[in-house]
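Since this is a predicted model, take the numbers as computed values, not measurements. Every heavy atom of this structure was used, including side-chain atoms; hydrogens, water molecules and symmetry mates were not. Index from 1, following the sequence. In listed order, ligands and their atoms are each counted from 1.
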Amino acid sequence: MSDNGSKQHKRVFSGVQPSGNLTIGNYLGALKQWAREQHNFESFFCVVDLHAITVPYDPADLRAKTREVAALYLACGIDPDISTVFVQSHVRAHSELTWLLNGITPLGWLNRMTQFKDKAAKQQADSVSTGLLDYPVLMAADILLYQTDAVPVGDDQRQHLELTRDVAQRFNHMFGETFTIPAAMIPPSGARIKGLDDPTAKMSKSITDSEYHAVYLLDPPNRIKKKIMRAVTDSGREIAFSDDPERAGVNNLLEIFQAFQGGTKEEVEAHFANARGYGDLKKEVVEVVTEGLKPIQQKYAELTTDAGYIDNLLADHAARAAEVANPTLELVQERMGFLKARR
Ligand code: TYM
């Protein structure tokens with residue numbers, strides 16, 4: 001059974017960690033596609049709080065950010081009448097399937113993950129948690145529980161998706177067809193937004209030591225302007241897309257412009273053909289980003305006036321998610337040879 005019996009439409013699953021302020025990278029790489037694809041797939045959008053405890057964190061922040069991220073999903077256009085929006089830790093099957101998949105995931109596969117190596121390198125060796133290494137198995141459990149067909153994510157999640165597919169195939173091979181093999185869905189533009197202060201590094205919500213690194217979805221217009229006007233560029237004048245690392249700053253600004261505004265690369269370059277320099281480019285990027293975030297910020301403000309709304313919705317939707325996840329977990333338990341608990 002590679003399909004859950006009750007599956008009528010192809011499924012999408014994706015998530016964001018509530019580990020900082022969501023950035024325009026998260027929006028362009030993930031959330032913007034989710035809002036579009038929810039009309040084509042049965043969709044599950046999860047706030048992945050269990051992932052957020054794999055690096056040092058503050059418990060009060062985690063709770064606050066979990067609500068904030070859920071509200072931002074809706075503010076970015078996720079419609080709770082057609083998509084399921086829930087918190088990972090509210091559906092116990094995520095933790096449980098992780099343990100079961102740990103039993104069949106070779107350690108060598110996890111040691112090769114570049115995100116693990118990067119994140120581990122930033123910490124003292126003796127404070128790197130086991131959870132950080134095991135992170136991709138939890139992510140595989142998230143995806144596989146819903147018999148997911150497609151996973152809309154930014155480019156940095158490509159390797160984790162490959163691992164998910166490998167784990168699913170290994171399980172199916174060892175215990176019989178059980179899981180749908182999911183595919184990554186990566187947008188053609190906006191999948192790799194770079195830091196404004198360092199255009200060679202990924203824009204990340206967890207970098208907090210530089211004020212000018214990222215535009216956050218809830219930044220007011222004056223902060224958006226300040227951050228973009230200070231973005232690192234180069235000493236040239238030509239406004240064109242480029243793979244040259246020396247010109248990564250301008251390329252990144254053009255990517256951001258294109259992802260918000262739409263159009264082809266050629267159209268974007270033509271738009272700036274008469275610009276007088278990078279100052280003009282930056283001003284236009286400020287404008288499209290500010291305009292693009294305005295409706296999200298308005299919706300967020302409306303949604304959060306009623307303190308109970310998000311919590312109630314999360315409770316309802318966790319129950320909906322569990323109805324899909326639990327049968328998969330039970331099937332896995334049976335296939336792996338666990339004695340069924342008598343209830
Ligand atoms: P996270 O929280 O780091 O990022 C959430 C989503 O945003 C995308 N993203 C970006 N896209 C473009 N440019 C950027 N600079 C940028 N930064 C982040 C990410 O690719 C991601 O799609 N492991 C995941 C969360 C996760 C998950 C899952 C995702 C847990 N379980 C199951 C999909 C399916 C993560 O850390 O995302």
Participant: So which protein residues pack against ligand 1 under 4.0 Å, heavy atoms counted?
Facilitator: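 Lining ligand 1 at under 4.0 Å, by heavy atoms, one finds F13, S14, G15, V16, Q17, G25, N26, G29, A30, V48, H51, Y135, M139, D142, I143, V151, V153, G154, D156, Q157, G190, A191, R192, I193, K202, M203, K205.
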Participant: Check whether F175 forms a cation-pi arrangement with R335 (NZ or CZ under 6.0 Å from the six-membered ring centre, at most 45° off the ring normal).
Facilitator: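 No, a cation-pi geometry is absent between R335 and F175.
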Participant: May I ask you to test the K225-K283 pair for a side-chain heavy-atom distance under 4.5 Å?
Facilitator: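 No, side chains not in contact.
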Participant: Is any side-chain heavy atom of W34 closer than 4.5 Å to one of V12?
Facilitator: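 No. Closest side-chain heavy atoms not under 4.5 Å.
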Participant: Do the rings of F272 and F257 sit parallel, tilted or perpendicular, given the 30° and 60° boundaries?
Facilitator: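 Perpendicular: the ring planes of F272 and F257 meet at over 60°.
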Participant: Under 6.0 Å from the six-membered ring centre of Y135 and within 45° of its axis: does the NZ or CZ of K119 meet both?
Facilitator: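 Satisfied, under 6.0 Å and within 45°.
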Participant: Please list, chain by chain and in numerical order, all residues satisfying ring pair (Phe, Tyr, Trp, His ring centres under 6.0 Å) with F116, sequence neighbours excluded.
Facilitator: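 Result, ring pair (Phe, Tyr, Trp, His ring centres under 6.0 Å) vs F116: none returned.
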